[in-house]
Amino acid sequence: MRQHDSEVRLPDKRPVGDALAIARGLVVGDGPVGPPVPALVELARRFFATEFDVPAGQDADGLLFEYGPVGWLPSPTLVVGMVRQLEVCDPAGAHEAFSQVQFEYRYDLDRDLEAAGRFSDWWFPDGGTPLEFWLDTVSRVPIGDLLASREPREFLVWHDRV
């Protein structure tokens, strides 16, 4: 919700600045237990239960599931993650940036994981697809079978502002 003189921030909605701490609070120990894709789906479900003070609008609050090889780490890596994107506005209510909180597994890249390619899929509340349907679809992506028996190199919860 954009704040104007006649509007007051709803007390049940959390500030976007609290999102990273809330996300980290959902993770116990070194990371989720169990296969990574179902674990990411469950984290997304639990994280999306928290409402944040974002403006009304189609892209103000959404989820992204993605995986693929990345070249920005020191060794070849496959990243699989779930991102929650929240719009950040300035005091006047104008778009300032997006805050992206990420749950991310990193795996040593091998031929099988490289052959899996890349995938990304966004979900937004106003997109017409119910959240539970989208989460169920994500939980069945083929990379899940490849990763189910592998140990991740690491699991991270981090934040980016774009």
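Quick note: residue numbers are just sequence positions, from 1. Being a predicted model, the structure only gives us computed values, none of them experimental.
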(Q) Go through it in stages, so that I can follow the logic: the residues are Val16 and Asp53, the test is side chain to side chain contact (heavy atoms under 4.5 Å, CB included), and I'd like the CA-CA distance, side-chain angles, deciding distance and then a yes or no. (A) CA-CA 6 Å; Val16 172; Asp53 188 19; 5.6 Å; no
Assess whether ring-ring contact (aromatic ring centres under 6.0 Å, His included) is satisfied between Phe103 and Phe47, documenting all intermediate values.
-> CA-CA 10 Å; Phe103 297 102; Phe47 190 31; 5.7 Å; yes
Problem set entry | Val101 vs Trp158, side chain to side chain contact (heavy atoms under 4.5 Å, CB included): CA-CA, chis, key distance, verdict | CA-CA 6 Å; Val101 177; Trp158 60 283; over 6 Å; no
Exercise for the section: Report the C-alpha distance between Val83 and Glu66 in whole Å, list the side-chain angles of each, state the deciding distance to 0.1 Å, and finish with yes or no for side chain to side chain contact (heavy atoms under 4.5 Å, CB included). Expected result: CA-CA 8 Å; Val83 179; Glu66 62 185 341; 3.8 Å; yes
Note to self: Before you tell me yes or no, could you show the steps for Phe98 and Gln85 under side chain to side chain contact (heavy atoms under 4.5 Å, CB included), namely the whole-Å CA-CA distance, both residues' side-chain angles and the distance that decides it to 0.1 Å?
What the structure shows: CA-CA 6 Å; Phe98 287 106; Gln85 178 172 280; 3.6 Å; yes
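Separating the CG atom in Leu147 from the CG atom in Leu113 is a distance of 6.0 Å, to the nearest 0.5 Å. Separation of atoms CG (Leu63) and CZ (Arg45) is listed at 11.0 Å; rounding is to 0.5 Å. Rounded to the nearest 0.5 Å, atoms CG (Leu73) and CZ (Arg106) are 4.5 Å apart. In this structure, the separation between CG on Leu135 and CE on Met82 is 6.0 Å, given to the nearest 0.5 Å. Here the OG1 atom belonging to Thr50 is positioned 10.0 Å from the CG atom belonging to Asp18, to the nearest 0.5 angstrom. To the nearest 0.5 angstrom, Asp112 atom CG is 14.0 Å from Tyr107 atom OH.
Criterion: ILVMFWY side-chain heavy atoms under 4.5 Å apart, direct or through other members. Under it, Val79 and Val141 are not part of a common hydrophobic cluster. In this structure, Val138 is a member of the same hydrophobic cluster as Leu78, with clusters built from ILVMFWY side-chain heavy atoms closer than 4.5 Å.
Closest approach of Gly144 to Val37, counting heavy atoms only: CA-CG2, 3.6 Å. Residues Tyr105 and Leu40 approach most closely at CE1-CG, 3.8 Å, considering heavy atoms. A pairwise comparison of heavy atoms in Val27 and Gly31 identifies CG1-CA, 3.6 Å as the closest pair. Closest non-hydrogen pair, Phe48 versus Pro125, comes out as CZ-CG, 3.9 Å. The nearest pair of heavy atoms linking Pro55 to Cys89 is CG-SG, 3.5 Å. In plain terms, the two heavy atoms of Leu156 and Glu154 that are nearest each other are CD2-OE1, 3.8 Å.
Salt bridge annotation for Arg84-Asp61: present, with a cationic side-chain nitrogen under 4.0 angstrom from a carboxylate oxygen.
Not counting sequence neighbours, Phe65 has no partner by the ring pair (Phe, Tyr, Trp, His ring centres under 6.0 Å) test. Applying the ring pair (Phe, Tyr, Trp, His ring centres under 6.0 Å) rule to Phe124 yields the partners Trp122; only residues at least two apart in sequence or on another chain are considered. Taking Glu151 as the reference, nothing meets the side-chain contact (heavy atoms from CB on, under 4.5 Å) condition, with sequence neighbours excluded.
Annotation: side chain of Arg118 is in contact with side chain of Pro69 (closest heavy-atom distance under 4.5 Å). Residues Glu87 and Ser99 are not in side-chain contact: their nearest non-hydrogen atoms beyond the backbone lie 4.5 Å or more apart.
Annotation: Asp90, atom CG; neighbour count of heavy atoms from other residues, nucleotides and ligands within 6.0 Å is above 12.
Remark: the His159 side chain and the Gln102 side chain contain no N/O donor-acceptor pair separated by less than 3.5 Å.
A donor-acceptor pair under 3.5 Å links the side-chain atoms of Trp123 to the main chain of Thr129, judged by distance alone.
For the side-chain contact (heavy atoms from CB on, under 4.5 Å) criterion with Thr77, the lone passing option out of Leu109, Asp108, Val70 is Val70.
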